[in-house]
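In what follows, a single structure is set out as structure tokens and then discussed.
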Amino acid sequence: MSDLGALLRKAREEHGLSLEDVQETTKIRKRYLEAIENGDHSILPGTFYLRAFVKNYCEAVGLDADEVLRLYQHEVPAATVTEQVSEPVAARAPRRVQTQASERIGKLGFNVLMWSFLILIVVVVWFYVVSQKGDDSKGIDDQTKVTDQASPLPSDKGEAGTGTGSPTATPTPTPPPTEATILTFTEKKGKVDHYDIGPANVVHKLEIKITGGPSWTEVRKGGASGEKLIAETVQDGETKSFDITEPLYVNVGRADLTVITVDGITVNDGDQARSKKVLLSPLQGDATNSPTPPADGEGTEAP
């Protein structure tokens, strides 16, 4: 077994994936995957497809494909211009061409729907506030008329006294309108994009939707080494939801097959056939959208 094959097999086993799982994700035949792990490149179509297979394999198990190809370029050299292609890379390439436009349209439609929903909420709250103020003003005027029309009561000494009317009703306080969610990109540490979520002291909702094919999905509390909430291959059409009450680390194997949203707001994942990592941190107390400085001894991840 080659060093490259050992690295790929170890990453696959750490993610709990079988060769069949990787074959389903990458659409690469199992015998080619076994050949790559065993270092037997003679049965592969050529250097060009060997690099493509290795890159897809890396993305399926959460490795940085460019870095792996650079480190093991002695095993996977760059393809020459004159190299002959003996077999297509994957049967799903035409399918990606056909579905890419529909996926983008689906994302756009989803965003339009969510914004329309938020606008509808604001309009309903506005009408409620206006109608509530009108009702309160009418009630106060009616009560004032009743008080003014009341006759003064005589005192025990025969002197005219001041009449006592019914107490004026206290207007019902109007609830403040719901604040819209604010998703703010703060910084990039290494390969992780950091976002702050406002307003503070609100339980926000994270949704991860898979469309177009299965994708490895990992969610942990606090950071990459925090408590695991999910670490598995999510199938096409499935949606995973989580309450954001503390920072959540999200790592997806295929950003182009994944839609990440916070309260309906789409997180920019690059929409490319590679892995994407983000850290979503809800604001606490009277915190602002400014990023929290690191504590003593806590450094920034090297790029």
Side-chain angles (χ1 to χ4, degrees), residues 1-100 102-103 191 208 210-218 230-238 240 251-258 269-277:
M1 178 183 297
S2 65
D3 294 339
L4 172 59
L7 174 66
L8 295 176
R9 174 175 292 180
K10 180 179 179 181
R12 173 175 62 80
E13 292 175 348
E14 287 178 351
H15 284 80
L17 301 175
S18 65
L19 286 175
E20 287 77 10
D21 293 332
V22 178
Q23 176 182 256
E24 178 66 22
T25 300
T26 62
K27 306 303 180 183
I28 300 173
R29 296 181 182 177
K30 181 179 177 181
R31 64 190 185 95
Y32 290 156
L33 298 175
E34 292 176 338
I36 292 173
E37 287 190 355
N38 295 328
D40 182 11
H41 302 163
S42 60
I43 68 171
L44 299 173
T47 304
F48 174 81
Y49 289 116
L50 171 60
R51 292 177 64 86
F53 289 168
V54 171
K55 184 175 182 180
N56 288 344
Y57 196 137
C58 290
E59 293 172 348
V61 296
L63 297 176
D64 189 326
D66 294 335
E67 183 66 14
V68 171
L69 291 174
R70 185 183 67 80
L71 293 175
Y72 295 95
Q73 58 183 344
H74 60 284
E75 291 191 39
V76 189
T80 62
V81 177
T82 59
E83 183 178 20
Q84 297 297 319
V85 177
S86 61
E87 186 172 338
V89 176
R92 70 181 181 87
R95 175 176 172 271
R96 292 297 305 148
V97 173
Q98 296 172 0
T99 60
Q100 185 174 13
S102 61
E103 290 174 5
K191 296 181 181 180
I208 303 174
I210 306 302
T211 58
S215 176
W216 169 259
T217 303
E218 177 183 16
I230 184 178
E232 62 185 46
T233 299
V234 181
Q235 300 302 316
D236 182 12
E238 289 189 40
K240 300 296 182 179
N251 176 19
V252 296
R254 293 289 299 273
D256 59 330
L257 304 179
T258 305
D269 58 12
D271 196 21
Q272 298 182 3
R274 60 177 60 185
S275 62
K276 186 66 178 181
K277 305 173 180 66

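- The pair Glu34-Arg31 fails the salt-bridge criterion, with no side-chain N (NZ, NE, NH1 or NH2) lying under 4.0 Å from an Asp/Glu carboxylate O.
- To the nearest 0.5 Å, atoms CD (Glu218) and CD1 (Ile208) are separated by 10.5 Å.
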Step by step, work out the side chain to side chain contact (heavy atoms under 4.5 Å, CB included) result for Leu19 and Arg12. CA-CA 8 Å; Leu19 286 175; Arg12 173 175 62 80; 3.7 Å; yes
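- Contact detail for Gly212 and Asp236: the closest heavy-atom pair is N-OD1, 3.0 Å.
- A distance of 9.0 Å separates SG in Cys58 from CG in Asp66, rounded to the nearest 0.5 Å.
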Apply side chain to side chain contact (heavy atoms under 4.5 Å, CB included) to the pair Leu50 and Ile36, showing each step before the final yes or no. CA-CA 8 Å; Leu50 171 60; Ile36 292 173; 4.2 Å; yes
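- Of all non-hydrogen atoms in Lys30 and Gln23, the two that sit nearest each other are N-OE1, 2.8 Å.
- Between Lys240 and Glu232 there is a salt bridge, since a side-chain N of the basic residue sits under 4.0 Å from a carboxylate O of the acidic one.
- Taking the six-membered ring where the residue is Trp, Phe53 and Tyr32 present parallel rings, their angle staying beneath 30° rather than reaching 60°.
- Closest approach of Ile43 and Ala35 over heavy atoms only: CD1-CB, 3.4 Å.
- Across every non-hydrogen atom of Thr258 and Asp269, the tightest pair is O-OD2, 2.9 Å.
- Distance check: Thr217 OG1 to Arg254 CZ gives 12.0 Å after rounding to the nearest 0.5 Å.
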Dump the intermediate steps for side chain to side chain contact (heavy atoms under 4.5 Å, CB included) on Tyr57 and Ile28, then the final yes or no. CA-CA 9 Å; Tyr57 196 137; Ile28 300 173; 5.6 Å; no
I'd like to know whether Asn38 forms a side chain to side chain contact (heavy atoms under 4.5 Å, CB included) with Arg9, so could you lay out the CA-CA distance, the side-chain angles of the two residues, the decisive distance to 0.1 Å, and finally the verdict. CA-CA 9 Å; Asn38 295 328; Arg9 174 175 292 180; 3.6 Å; yes
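- Across all non-hydrogen atoms, the minimal contact from Pro214 to Thr233 is CB-CG2, 3.8 Å.
- In this structure, Gln235 CD and Glu24 CD are separated by 6.5 Å, a value rounded to the nearest 0.5 Å.
- A donor-acceptor contact shorter than 3.5 Å is absent between the side chain of Asn251 and the backbone of Lys277.
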Would Glu67 and Arg70 count as a salt bridge (Lys or Arg N to Asp or Glu O under 4.0 Å) if you check the C-alpha gap in whole Å, the side-chain angles of each, and the deciding distance to 0.1 Å? CA-CA 5 Å; Glu67 183 66 14; Arg70 185 183 67 80; 2.6 Å; yes
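- The number of heavy-atom neighbours closer than 6.0 Å to NZ of Lys55, taken from other residues, nucleotides and ligands shown, is 12 or below.
- Summarising the geometry, atom CG belonging to Leu8 is positioned 6.5 Å from atom CG belonging to Leu63; distances are rounded to the nearest 0.5 Å.
- Closest heavy-atom contact between Leu4 and Tyr72: N-CE2, 3.7 Å.
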